[in-house]
Amino acid sequence: MAASVAGLTLPAIREATLSDDRPPFLVTIATQRSGTKFLGTSLSAGTLARSLGEVFQPGPGGADFRGFFGEFVAARGGFGFEAEEMGACLDAFVARLRERVAPAMLHFDLMYNNLGSLAPIWTMPNAAPGANFLANWLKSRRAGVIHLVRTDLAECFASHVIAETRGVYHTGNDADAARDMQVTLGAEQALAYMLPILRTRRFVQRAFGGYSRFLEVTYPEIVGGQSVALPQAERIARLAGFGPADVAALFGSSPLRQTAKDKRALVTNFDDIDRMAQSLQRYVNDA
């Protein structure tokens with residue numbers, strides 16, 4: 001009788017790590033407010049893939065990694081956070097998620113501020129990009145990795161503040177949502193928000209340098225109305241191992257809308273924050 005971990009047989013777990021013509025799963029790496037929910041909901045609205053969003057996010061519902069991890073540790077009788085154990089845990093978790101969405105291809109989001117988590121016990125602080133455990137695990141499992149970059153960081157920060165002010169996800173009327181709203185962005189808050197994002201963006205690019213299943217796409221260029229713009233859709237389809245005839249079936253209409261189309265009309269000091277973002281970008285590039 002085959003051994004099992006958290007309800008999955010070991011052959012099923014090993015199968016989840018292998019891929020022939022296409023990656024076993026897709027993952028988007030990005031910061032918040034970069035279009036990840038738009039991309040995920042558009043994928044789920046198609047017929048070939050299903051996005052489960054931020055599967056490591058704590059809290060009730062969703063993928064419930066907390067509950068899964070408890071089952072995994074109980075089945076092993078302990079856990080030492082060694083690399084082999086961490087890899088086996090992630091393999092089993094992804095196998096469960098793939099089983100949940102089958103026959104569709106699994107997609108999930110891995111946020112910038114997840115990249116320092118789930119590291120084995122023997123991990124140096126501030127390890128180089130090539131030593132990041134999660135990045136190396138994704139590469140070893142031949143995952144299709146989408147790096148979704150919001151190039152305008154001032155817009156990203158403004159979107160974050162506006163969303164926190166108004167509500168996280170926007171599906172309603174733009175004019176109603178923006179009425180009577182004026183926001184002033186704090187310089188210290190902007191620095192604390194934008195500089196780590198720029199550094200992590202470069203970190204991801206270096207961590208996946210030379211990896212053939214790595215694709216970088218940008219927001220808002222990825223947006224084509226309520227679905228993914230055709231040039232970006234074709235690139236993602238190729239990454240996922242689908243042919244040109246499958247592009248239309250891979251994506252559907254997302255219910256989400258931009259946080260605010262004209263952020264300069266809502267943010268009193270947008271130009272100041274934009275100049276800061278450009279300066280920080282030069283600083284990171286020079287470093």
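Computation of the quantities below employed the complete heavy-atom set of this structure, encompassing side-chain atoms and omitting hydrogens, waters and symmetry-equivalent molecules. Residue numbers run from 1 in the order of the sequence given. The shown structure was predicted, so the numbers you read here are calculated from the model rather than taken from an experiment.
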Would you say that [X] contacts [Y] through its side chain, given a criterion of any heavy-atom pair below 4.5 Å between the two side chains?
X	Y	answer
F68	R96	yes
V284	R199	yes
L239	R213	yes
Y211	V145	yes

Looking at [X] and [Y], what are the two nearest heavy atoms and their distance?
X	Y	answer
Y193	Q32	OH-O, 3.7 Å
S51	H107	OG-ND1, 2.8 Å
I273	G186	CD1-O, 4.5 Å
A158	F270	CB-CE1, 4.0 Å
R33	R150	O-NH1, 2.7 Å
R202	N285	NH2-OD1, 2.8 Å

* Atom OH of Y283: over 12 foreign heavy atoms under 6.0 Å ->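 Check fails, neighbour count at 12 or below.
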* **Neighbour count >12 (heavy atoms, 6.0 Å) for atom CG, L230** =>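 Above 12, so yes.
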Between [X] and [Y], is there a donor-acceptor pair closer than 3.5 Å when you use the side chain of the first and the backbone of the second?
X	Y	value
R201	Y112	no
E99	A95	no
D246	G243	yes
S227	S253	no
N132	G116	no
Q226	L256	yes

Is it true that [X] and [Y] fall in one hydrophobic cluster, defined by side-chain heavy atoms closer than 4.5 Å?
X	Y	answer
V247	L215	no
F214	L110	yes
L134	F203	no
F65	M111	no
F81	W122	yes

* According to the interplanar angle, ranging from 0 to 90°, do the rings of F108 and F25 count as parallel (below 30°), tilted (30 to 60°) or perpendicular (above 60°)? ->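 It falls in the parallel class, under 30°.
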* Could you tell me how the ring of F72 sits relative to the ring of F69: parallel (under 30°), tilted (30 to 60°) or perpendicular (over 60°)? =>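 Ring orientation, 0 to 90° scale: parallel.
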* Can you check side-chain contact (heavy atoms from CB on, under 4.5 Å) on S279 and R282, steps first, answer last? -> CA-CA 5 Å; S279 177; R282 290 191 295 271; 3.8 Å; yes
Approximate separation, where rounding is to 0.5 Å, of [X] [atom1] and [Y] [atom2]:
X	Y	atom1	atom2	answer
I222	I236	CD1	CD1	4.5 Å
M276	L191	CE	CG	6.0 Å
N113	T31	CG	OG1	6.5 Å
F157	M194	CZ	CE	6.5 Å
R141	N136	CZ	CG	10.5 Å
N269	D271	CG	CG	9.0 Å

* To do: Step through it carefully: locate the ring centre of F93, locate the ring centre of F56, and say whether they are under 6.0 Å apart.
  =>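 Ring centres of F56 and F93 closer than 6.0 Å.
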* Asked: For the residue pair F38 and Y219, is the inter-centroid distance of their aromatic rings smaller than 6.0 Å?
  ->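 Not under 6.0 Å, so no.
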* Asked: So L39 and V217, side-chain contact (heavy atoms from CB on, under 4.5 Å) or not? Walk me through it.
  -> CA-CA 11 Å; L39 176 59; V217 295; 5.6 Å; no
* Do we see a donor-acceptor contact under 3.5 Å between the side chains of S42 and S254? ->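 No donor-acceptor contact under 3.5 Å links the two side chains.
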* **Side-chain donor-acceptor contact under 3.5 Å, Q232 with R235** =>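 R235 and Q232 do have a side-chain donor-acceptor pair below 3.5 Å.
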* **Pair W137-V94, side-chain contact (heavy atoms from CB on, under 4.5 Å): steps then yes or no** => CA-CA 12 Å; W137 173 77; V94 167; 3.5 Å; yes
* To do: Check the pair V228, L250 against side-chain contact (heavy atoms from CB on, under 4.5 Å), reporting the backbone distance first and the verdict last.
  => CA-CA 10 Å; V228 174; L250 185 59; over 6 Å; no
